[in-house]
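Since the structure comes first, as structure tokens, the remarks are kept for the end.
Reckoned from all heavy atoms, side chains included, excluding hydrogens, waters and symmetry mates. The first residue in the sequence is number 1, and the count goes up from there.
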Amino acid sequence: MDIPNRIAIGILGPEALVNKVLSVIATSFPSFEPMARACMAETASEIAEQLLLEVEVLLVTGPTLYRRVKENVLTHLPVHMIPLTDTGLFSALYRLRSKPQLHAVNAIFSIDSFTSSTLSRHVKEIGEPPSSFLIYDGVPYPQVETMTQFHEEAFLRGATKAALTTDIQVADALNKQGIPCEWITPTDQNITVALERALLSTETRRSKEAQILVGMINVDEFGKKLQQQSTEHDIQRFKLEVHRKLIDYVESLDGYLTHLGADEYLFFTTRGIFERETVGYKSVPLAREVWKSLGLSLSMGIGFGRSANEAGTHARLALRRCKEAGGNTCFIVREDKTLIGPLEMADPLSRDLSMTDPELLKSAEDAGMTSTYLSRLMTTVARTSKLDYEVHELASILGVTVRSTHRLLLQWMDHNLISSVGYVKVPKGRPKQTFRLHFLENLAADPSRV
């Protein structure tokens, strides 16, 4: 389902590259609403004109298509290209060198779209001599046929052993003729850099960069932690240490922090700074630091809004969602009340498996249970002595979706690690199934055993 108020970006290029860009957007750029069109050079200009009627910015996947668009399409909107860099070249070169017939040090490769000076600078870093390459030095942005002919002629006359090209049509044509060839494609990092530039060039982004963000932080189970302190002075020192950690974090955001009382804090910063700090709304570094130094987990609600009042209201809604999810998480509520999250927080559910019963490890491994899942389940059982869980509880412990948890439970039941022990009635809806972690019964009885 589309989320409103995202920035529409057009993606133009070969299908394989378009899909790669979409993958990066899905994981790192929640602000973008991509509109992708797969095309080749012949139709690039026409499709670009159509896309530019619906988007704020256009990203083209390679130099040939970019040149076609810039020459033939008039637009006031920003048009960006994913640049050719050394990383994509090195990856393609590595794939060529990995082929048995091209192991020879003196093998020469034909290459297009790189100048002599640029190529020499790149390959010098990996100890590859520039003499290993026959560089296309014809007209800039040549036609597909011209580049194909250059590589083909060089190979047929014995001047080269293989080809490196930035155009998929050239690569397909050469491979059909049996000429060894690798397509130079941008890496995820190249795509990320291009998307960042595209994002910053949009009018929507420029206005959102300075938008006020309201955050609410709640310290999970703060009261229990205070009860563990020996004296009143220890309690006050502990409170001051928590406050100092939060001040340092908000200061790094160029923000403002105030204590609302007890275990709750309020802070203000800008949307652009928070997005960069969380690497595109993916993780909250503060949570790990607080857990490692103080043994505390945090719930953080973030609110965006068209006014400070709206942003504050949304921050409170987001914090409520964090608490409903069991804490130790962060959610963001946008202007339209759509939700982002959960963001990655601290991971207190971990346990050293080096001293664990080898038979237990073997049983878990045979059932396809990863060490991370086993560690989290063991820590929870050791801490609570509880063996019976509903699916949503296990999903929270494992850090996966409920759907994935169902799949894992079926697999573990097949290996007799767990079993279904009944249903719990709920006020509304169907009863919820309960599962027992039989394989951890000894640990529940004596947490020091494992």
Side-chain angles (χ1 to χ4, degrees), residues 7-25 29 32-89 91-92 111-119 122 135-148 150-151 163-173 182-203 205:
I7 301 170
I9 179 173
I11 312 297
L12 192 67
E15 184 176 4
L17 282 186
V18 166
N19 290 337
K20 196 171 184 181
V21 174
L22 291 176
S23 176
V24 174
I25 290 176
F29 291 87
F32 273 141
E33 179 66 43
M35 301 183 66
R37 300 290 187 274
C39 74
M40 295 303 177
E42 296 78 10
T43 57
S45 299
E46 179 183 348
I47 295 177
E49 286 184 336
Q50 298 170 0
L51 268 178
L52 286 166
L53 296 174
E54 305 177 67
V55 300
E56 281 193 51
V57 61
L58 180 65
L59 182 66
V60 185
T61 61
T64 303
L65 294 184
Y66 178 77
R67 181 71 173 183
R68 289 287 183 93
V69 172
K70 294 298 287 185
E71 285 181 343
N72 300 310
V73 179
L74 294 176
T75 179
H76 67 282
L77 296 175
V79 179
H80 292 262
M81 177 190 75
I82 302 174
L84 296 172
T85 67
D86 52 358
T87 51
L89 170 63
S91 178
I111 187 170
D112 56 54
S113 302
F114 284 88
T115 64
S116 298
S117 58
T118 301
L119 184 66
H122 288 337
I135 303 171
Y136 172 82
D137 60 357
V139 297
Y141 304 102
Q143 299 288 332
V144 170
E145 295 77 11
T146 304
M147 286 193 290
T148 304
F150 158 71
H151 291 291
L164 289 161
T165 180
T166 60
D167 194 292
I168 188 173
Q169 289 178 278
V170 176
D172 288 343
E182 284 295 336
W183 179 27
I184 302 174
T185 59
T187 62
D188 284 356
Q189 182 59 37
N190 299 150
I191 295 171
T192 298
V193 170
L195 286 169
E196 287 173 347
R197 291 172 179 167
L199 181 61
L200 292 173
S201 71
T202 64
E203 186 64 33
R205 176 61 186 188

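To the nearest 0.5 Å, atoms CD (Glu15) and SG (Cys39) are separated by 11.5 Å. A distance of 13.0 Å separates CE in Met81 from CG in Leu12, rounded to the nearest 0.5 Å. Remark: Thr202 OG1 to Leu77 CG distance equals 10.5 Å, nearest 0.5 Å. Atom-to-atom distance recorded for Ser117:OG and His122:NE2 is 9.0 Å, nearest 0.5 angstrom. One finds the CG atom of Asp172 at 8.0 Å from the CH2 atom of Trp183 (value rounded to the nearest 0.5 Å). To the nearest 0.5 Å, the span separating CZ on Arg37 from CD on Glu54 amounts to 6.0 Å.
Side chains of Val144 and Thr148 form a contact here, defined as non-hydrogen atoms less than 4.5 Å apart. Using a 4.5 Å heavy-atom cutoff, the side chains of Val79 and Tyr66 are in contact. Looking at heavy atoms from C-beta onward, His80 lies out of side-chain contact with Leu58 at the 4.5 angstrom threshold. You'll find the side chain of Thr185 stays beyond 4.5 Å of the side chain of Thr166, heavy atoms only. Between Phe29 and Ile7, the closest side-chain pair of non-hydrogen atoms is not below 4.5 Å. Counting heavy atoms from C-beta outward, Glu182 and Thr165 have side chains that stay 4.5 Å or more apart. Within the 4.5 Å cutoff, no side-chain heavy atoms of Tyr136 are placed close to those of Ser113. By the 4.5 Å heavy-atom criterion applied to side chains, Met35 and Leu51 are counted as neighbours.
Considering Ile11, Leu195, Leu59 in turn, Leu195 is the only one that fulfils the side-chain contact (heavy atoms from CB on, under 4.5 Å) rule with Phe32.
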Can His151 and Val170 be said to form a side-chain contact (heavy atoms from CB on, under 4.5 Å), step by step? CA-CA 9 Å; His151 291 291; Val170 176; 3.8 Å; yes

Test log, rule side-chain contact (heavy atoms from CB on, under 4.5 Å), inputs Ile135 and Ile111: CA-CA 5 Å; Ile135 303 171; Ile111 187 170; 3.9 Å; yes

Quick one: do Glu49 and Thr75 satisfy side-chain contact (heavy atoms from CB on, under 4.5 Å)? Show the steps, please. CA-CA 8 Å; Glu49 286 184 336; Thr75 179; over 6 Å; no

Could you walk me through whether Val24 and Val21 satisfy the side-chain contact (heavy atoms from CB on, under 4.5 Å) test, starting with their C-alpha distance in whole Å, then the side-chain angles of each, then the deciding distance to 0.1 Å, before giving a yes or no? CA-CA 5 Å; Val24 174; Val21 174; 5.8 Å; no

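Counting all heavy atoms, side chain and backbone alike, Leu119 lies closest to Phe114 at CB-CB, 4.3 Å. Minimum heavy-atom separation, Pro14 to Thr61: CD-OG1, 3.2 Å. Across every non-hydrogen atom of Leu22 and Pro34, the tightest pair is CD2-CB, 3.5 Å. Val18 and Ala38 get closest at one heavy-atom pair: CG2-CA, 4.4 Å.
Side chain of Ser91 to main chain of Gly88: no donor-acceptor pair is present (N/O by atom type, distance under 3.5 Å, no hydrogens or angles). Side chain of Arg68 to main chain of Ala44: no donor-acceptor pair is present (N/O by atom type, distance under 3.5 Å, no hydrogens or angles). Here the side chain of Thr118 pairs no donor or acceptor atom with the backbone of Thr115 at under 3.5 angstrom. Checking side-chain atoms of Ser23 against main-chain N and O of Asn19 turns up no donor-acceptor pair under 3.5 Å. In this structure a side-chain-to-backbone donor-acceptor pair under 3.5 Å is present from Lys20 to Pro186.
Gln50 CD: more than 12 foreign heavy atoms inside a 6.0 Å radius. Annotation for Leu53: atom CG counts as buried by contact number, over 12 foreign heavy atoms lying within 6.0 Å.
Under 3.5 Å, the side chains of Thr87 and Asn190 contain a donor-acceptor pair of N or O atoms.
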